A.B. asks: 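Before I ask anything, let me first share the structure, which is written out below as structure tokens.
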Amino acid sequence: MFLRDIISILGGEAIGEVQQSLEGVGTIEGADHTRITFLANPKYRSALGLTQAGAVILGAKDRDSTSKPRIVADNPYAYFAQVAQLFSSTAPRPGGVHANAVIHPGAIIPASAYIAEFVSIGANANIGERVQIGAGSVIGDDVTLGADSVIAARVTVYPGCKIGQRAIIHSGVVIGADGFGFAPDFQADAGCWVKIPQTGRVLIGDDCEIGANTTIDRGAIEDTIIGNDVKLDNQIQVGHNCTIGDHTVIAGCVGIAGSTRIGKRVMIGGAAGFTGHLEVCDGAIVSAMTLVTKSITEPGMVTGVMPQMKHKDWLRNIAHLRQLDNLALEVKAIKKKGSAS
Amino acid sequence: MFLRDIISILGGEAIGEVQQSLEGVGTIEGADHTRITFLANPKYRSALGLTQAGAVILGAKDRDSTSKPRIVADNPYAYFAQVAQLFSSTAPRPGGVHANAVIHPGAIIPASAYIAEFVSIGANANIGERVQIGAGSVIGDDVTLGADSVIAARVTVYPGCKIGQRAIIHSGVVIGADGFGFAPDFQADAGCWVKIPQTGRVLIGDDCEIGANTTIDRGAIEDTIIGNDVKLDNQIQVGHNCTIGDHTVIAGCVGIAGSTRIGKRVMIGGAAGFTGHLEVCDGAIVSAMTLVTKSITEPGMVTGVMPQMKHKDWLRNIAHLRQLDNLALEVKAIKKKGSAS
Amino acid sequence: MFLRDIISILGGEAIGEVQQSLEGVGTIEGADHTRITFLANPKYRSALGLTQAGAVILGAKDRDSTSKPRIVADNPYAYFAQVAQLFSSTAPRPGGVHANAVIHPGAIIPASAYIAEFVSIGANANIGERVQIGAGSVIGDDVTLGADSVIAARVTVYPGCKIGQRAIIHSGVVIGADGFGFAPDFQADAGCWVKIPQTGRVLIGDDCEIGANTTIDRGAIEDTIIGNDVKLDNQIQVGHNCTIGDHTVIAGCVGIAGSTRIGKRVMIGGAAGFTGHLEVCDGAIVSAMTLVTKSITEPGMVTGVMPQMKHKDWLRNIAHLRQLDNLALEVKAIKKKGSAS
């Protein structure tokens, strides 16, 4: 592929032209002359002089930072992502249902959908055009999967849940398992937890990606709702009755307790946590491993994490953390005495 | 269903009667006139006047808080849970083994059990009456599943493990994988980790629920033991040789290192952690994202988590946290000087 | 098995001999006279006098700490692990492909490999000698599995990934799902996240063990690389383009963001986290639940975790943590005033 081929598809301005056809994308350090790379972060500008890449995607302000063949784009990183998609796109798998799949006769499967071996699809499931479902996935009764969605191998979608168009659901994901709801019924030493049936659903919008082994629980009575263009990394837990707004991205290992309402364009760092029944406003940013215990009402970053220290420094400091109240009282007493004297 | 039908099954006192048959349960804000709701938390008392619900479950002290048809119950929340179970209960799936399941001839499967497609059941597995096993689950050799247990799709139970009666095991759960045990055998730069075979089992009591993608490792030599009526949320990791007492509830994403002994009626918040070989007494409560590094010897809540702050406040404070020891020394020096002067 | 049988296989020095054949291993407290136990940690020396074990493995300095039949070994714990392996070893499962597996005709499966029911193996997959693959696992196109590796039930290996020899991969593991990479392409209120195709692979060395439900993402452009003798516990998330050096051990629930480079012989406690693009030097030790946000450049332990407190103590102290900067300023002001006076 030549620069002229790329700009004919994606737009942008080409300066110069590569000698030989480009075969793919690469990092600024790792690309050879058959690869196209990009410059978005100014801190890599110095690396640009050393790159072996055959061509570079860059912004208008960097248009003269190199003499290599290049494409000038408004958003070099997003442009690069689209170029990478061009190189990695493959012909869609032709539709068909593997002989070793078990499909309920009441399910709707268009001819363009591909259903792999050992897939189970329940009654009244409604599978969209060109959907692909990988081996061993289990699609419950009354599930709807939107057109062009790709369900990897070994995914579970519980009955009644809906996933929009163009979803990418990775292996091990479980959508629609019961939320965690029990009423305590104890007197003295006897009693037990009484299960609250979880009769809501999980509703997921269009253009979402859900990472490997992430779990999203169905609502207790109402539904758990994920918006459009929401990107969830691996091993995330979303509790029952949560809502997550459009364009929100959540890194791996995050846990969100039930009934938390997360706004649009929120960015959540890895292993952050949310206690339940909170509201997180549009545009909020939560740092990695921060536990959010109060609603976030204005955009901007929220952090609450112990900094890393050498273990002996930690030991030295941490004893005082347990006595911080006393230390503050001492300082107050000293001030008072100082004022009095 | 009318109030009189409900109290004939569950007891309690009905005051008034609904005009039309109730069709289900609802939240105090979301229920319409076909739904029954409940009042347990006094902070929702003001919402009671606005609810559209057809009927309300409430405690004796709230019996006159509404003129709606109502049921007076000792424990309105637990009563509500039971009513919800009434509405959501479905006829049990008739027994049978799907033609696409692979059952070892030495396994015991009663006629009342339902075994879905792509299920694998090993030698000498003993499946209880009315057990249901979902598509793609793998039940190892010598596993025992108690009567009326429901195993969702895509669950793994490793050989030798036992699960009691009325369990609900959600999709993606792995019970009985090897615990994490290796002996270091390094000299200078050579050597390796020597695996310690994990020959114990996982034994789970009656009435337990285990959430999606939770993992419980088998014991190294002795067994990992989960009591009765233990409720585990999603994505929990229980290490080898742990014991968890009856009625304990654990929220999602909690990690429990090996050989920790957790008592009865313990409540553990989401993403909390336990280093190994600890004891946690009956009735302890552990806050979300708290790392327990010392045994807990008395009931009550234990917490250890950084509070959330605006990121710039965190930056401002955190530098001093690294110097807390010095700050304490300075205060000590000032006090000494103050006393001396 | 007698002591003489053990030392003929594993070396070491036997002192005395057991009366009856040993049947297995046991803990120092739990073993009866048919079991062999070990003493490695001096704090258990007092328990040695009480053990009911039939024999003991111990170090040279403890050779006279008991009169029981015993084996003196350089590394009693590693020796014990090897003895446990002797007792737990079973005859390898004979090779064969279950009739209910779906194998692409282009896959290479040696006669010595065992492929269970409901396994799916893709085109050009190259399965090593004596490999065992459990029920419901999905092995993608072009995957290589080294000789003697054991893949449990319900494992996914995405296309193109390579696993070395003698691996043990537990149930629910997902290797090679897409890394989390999206370029933001938003203007004002419009726009979306553009997916960056994840075209790298996961390459895993020899002698690795990977715990249940752990996920390792494929590289974005280059590969995610796991060395030899790396031991990963359950529910770990390894992001795209990470590298993990030989002999590193990682406890459960750890999350490692993308492009982090972890050295050799690193030990990482449970639920620790790593933000991306860090370097962690050989021999580093990271405490449980510590978030590593800066590269670790020298061996030794790094910690950053709030200590557990009674909740009321936590409340008392935590308010001051939010005001630590002010407290430090007050102390500074007092000192200045003190010096001036």
Side-chain angles (χ1 to χ4, degrees), chain A residues 100 102 118 120 136 138 154 156 158 172 174 177-178 180 182-186 191-197 199 213 215 217 221-222 235 237 239 253 255 257 271 273 275 287 290-294 300-307 309 313 316-317 319-321 323-324 327 330-331 334 337-338, chain B residues 24-27 30 75 77-78 80-82 84-85 87-88 98 100 116-118 134-136 152-154 168 170-172 207 209 211-213 229 231 233-235 247 249 251-253 269-271 288-289 305-311 314 318 321-325 327-328 331 334-335 338:
Chain A
N100 287 64
V102 169
F118 312 131
S120 176
V138 180
R154 298 203 312 98
T156 303
Y158 275 64
V174 179
D178 282 357
F180 197 61
F182 303 92
D185 192 19
F186 295 95
C192 66
W193 292 97
V194 183
K195 181 176 175 71
I196 298 165
T199 58
N213 281 357
T215 52
D217 281 349
I221 293 176
E222 286 149 14
Q235 308 245 24
Q237 153 66 1
C253 305
T275 60
S287 295
T290 292
L291 181 66
V292 178
T293 58
K294 297 178 184 175
M301 195 185 299
V302 166
T303 303
V305 64
M306 279 287 287
M309 309 180 204
D313 293 337
R316 206 163 45 77
N317 287 312
H320 301 291
L321 188 52
Q323 301 296 334
L324 199 51
L327 187 67
E330 285 178 9
V331 172
I334 292 169
K337 198 174 156 188
Chain B
V25 297
T27 60
N75 180 339
Y77 189 32
F80 171 81
Q82 290 175 307
Q85 288 181 8
F87 281 111
S88 70
H98 195 283
N100 287 64
E117 58 273 22
F118 312 131
R154 298 203 312 98
I168 300 174
H170 283 285
S171 190
D207 299 299
E209 183 158 345
N213 281 358
D229 193 36
K231 310 297 185 185
D233 196 357
N234 296 3
Q235 308 246 25
H247 310 300
V249 291
C253 306
M289 219 184 266
V305 64
M306 279 288 287
Q308 79 190 69
M309 310 180 203
K310 288 184 186 176
H311 188 69
W314 179 81
I318 217 69
L321 188 52
R322 293 176 185 277
Q323 301 296 334
L324 199 50
D325 185 45
L327 186 67
V331 172
I334 292 168
K335 276 179 68 181

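Everything numeric in this text was worked out from a predicted model, so none of it was measured. Labels below follow one simple rule: chain letters A, B, ... track the order of the sequence lines, proteins then strands, and each chain is numbered from 1.
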A.B. asks: Looking only at heavy atoms, what is the nearest atom pair of A:F180 and B:K231, with distance?
C.D. replies: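 Closest approach of A:F180 to B:K231: CZ-O, 3.4 Å.
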A.B. asks: Please flag which part of B:A288 lies under 4.5 Å from any non-hydrogen atom of chain A: side chain, backbone, both or neither.
C.D. replies: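 Contact with chain A involves both backbone and side-chain atoms of B:A288.
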A.B. asks: Who among B:V249, B:L324, B:L321 has the most heavy-atom pairs with chain A under 4.5 Å?
C.D. replies: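 Most heavy-atom pairs within the cutoff with chain A belong to B:L324.
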A.B. asks: Can you give me the closest heavy-atom contact between B:Q85 and A:K195, atom names plus distance?
C.D. replies: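 Nearest pair, atom of B:Q85 first, then A:K195: NE2-O, 2.7 Å.
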A.B. asks: For A:N100, is it the side chain, the backbone, both or neither that has a heavy atom under 4.5 Å from a heavy atom of chain B?
C.D. replies: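 For A:N100, backbone heavy atoms alone lie under 4.5 Å from chain B.
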A.B. asks: Checking B:Y77 against chain A: side chain, backbone, both or neither under 4.5 Å from a heavy atom?
C.D. replies: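 Both parts, heavy atoms under 4.5 Å.
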A.B. asks: Quick one: are A:V194 and B:F80 in side-chain contact, heavy atoms under 4.5 Å?
C.D. replies: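 They are not in side-chain contact.
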A.B. asks: Please work out whether the ring planes of B:H247 and A:F186 are parallel, tilted or perpendicular, with thresholds of 30° and 60°.
C.D. replies: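 Judged by the thresholds at 30° and 60°, the geometry between B:H247 and A:F186 is perpendicular.
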A.B. asks: Report the distance from atom CG of B:N213 to atom CD of A:Q237, rounding to the nearest 0.5 Å.
C.D. replies: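 Here the rounded value is 9.0 Å.
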A.B. asks: Which region of A:L291, side chain (C-beta onward) or backbone (N, CA, C, O), has a non-hydrogen atom less than 4.5 Å from a non-hydrogen atom of chain B, or is it both or neither?
C.D. replies: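 Looking at A:L291, backbone and side chain both touch chain B.
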A.B. asks: Closer than 3.5 angstrom, by distance alone: can the side chain of B:D229 be matched with the main-chain N or O of A:W193 as a donor-acceptor pair?
C.D. replies: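 It does hold such a pair.
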A.B. asks: Between B:H170 and A:Y158, is there a side-chain heavy-atom distance shorter than 4.5 Å?
C.D. replies: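 Yes, side chains in contact.
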A.B. asks: So which of B:K310, B:Q82, B:M289 has the largest heavy-atom pair count under 4.5 angstrom toward chain A?
C.D. replies: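 It is B:M289.
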A.B. asks: For a 4.5 angstrom cut-off between non-hydrogen side-chain atoms, does A:H320 reach B:L327?
C.D. replies: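 They are not in contact (no side-chain heavy atoms under 4.5 Å apart), so the answer is no.
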A.B. asks: Does a side-chain heavy-atom distance below 4.5 Å link B:K335 with A:I334?
C.D. replies: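 Touching, per the 4.5 Å side-chain cut-off.
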A.B. asks: Specify the closest pair of heavy atoms between A:P184 and B:N75, including all atoms of both residues, with the distance to one decimal.
C.D. replies: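 That would be O-ND2, 2.8 Å.
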A.B. asks: Between B:A81 and A:I196, which heavy-atom pair has the shortest distance, and what is it?
C.D. replies: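 Closest approach of B:A81 to A:I196: CB-CG1, 3.6 Å.
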A.B. asks: Checking A:Q323 against chain B: side chain, backbone, both or neither under 4.5 Å from a heavy atom?
C.D. replies: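 Neither part.
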A.B. asks: Can you name the closest pair of heavy atoms from A:S287 and B:H311 and give their distance?
C.D. replies: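 Result for this residue pair: OG-ND1, 4.0 Å.
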A.B. asks: Apply side chain to side chain contact (heavy atoms under 4.5 Å, CB included) to residues A:E222 and B:T27 and explain how you reach the verdict.
C.D. replies: CA-CA 9 Å; A:E222 286 149 14; B:T27 60; 3.3 Å; yes
A.B. asks: Could you have a look at A:P307, A:G136, A:A177 and say which one has the most heavy-atom pairs with chain B under 4.5 angstrom?
C.D. replies: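 Option with the greatest count: A:P307.
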A.B. asks: Could you look at A:A319 and say if it's the side chain, the backbone, both or neither that has a heavy atom under 4.5 Å from chain B?
C.D. replies: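 Answer is neither: A:A319 stays 4.5 Å or more from chain B.
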A.B. asks: Non-hydrogen atoms of chain A under 4.5 Å away: do they reach the side chain of B:V305, the backbone, both or neither?
C.D. replies: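 Side chain of B:V305 only, per the 4.5 Å heavy-atom cut-off to chain A.
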A.B. asks: How close do A:T199 and B:S88 get, counting heavy atoms only, and between which atoms?
C.D. replies: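 Looks like CG2-CB, 4.0 Å.
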A.B. asks: Side chain, backbone, both or neither: which part of A:D313 has an atom under 4.5 Å from a heavy atom of chain B?
C.D. replies: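 Nothing of A:D313, per the 4.5 Å heavy-atom cut-off to chain B.
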A.B. asks: Which one wins on heavy-atom pair count under 4.5 Å against chain A: B:A135, B:S171, B:C253, B:A212?
C.D. replies: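 Of B:A135, B:S171, B:C253, B:A212, B:S171 has the most heavy-atom pairs under 4.5 Å with chain A.
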A.B. asks: With heavy-atom distances below 4.5 Å as the criterion, would you say the side chains of B:R154 and A:V138 are in contact?
C.D. replies: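 Yes, their side chains come closer than 4.5 Å.
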A.B. asks: Is A:T293 in contact with chain B via its backbone, its side chain, both, or neither, using a 4.5 Å heavy-atom distance?
C.D. replies: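 Both parts, backbone and side chain.
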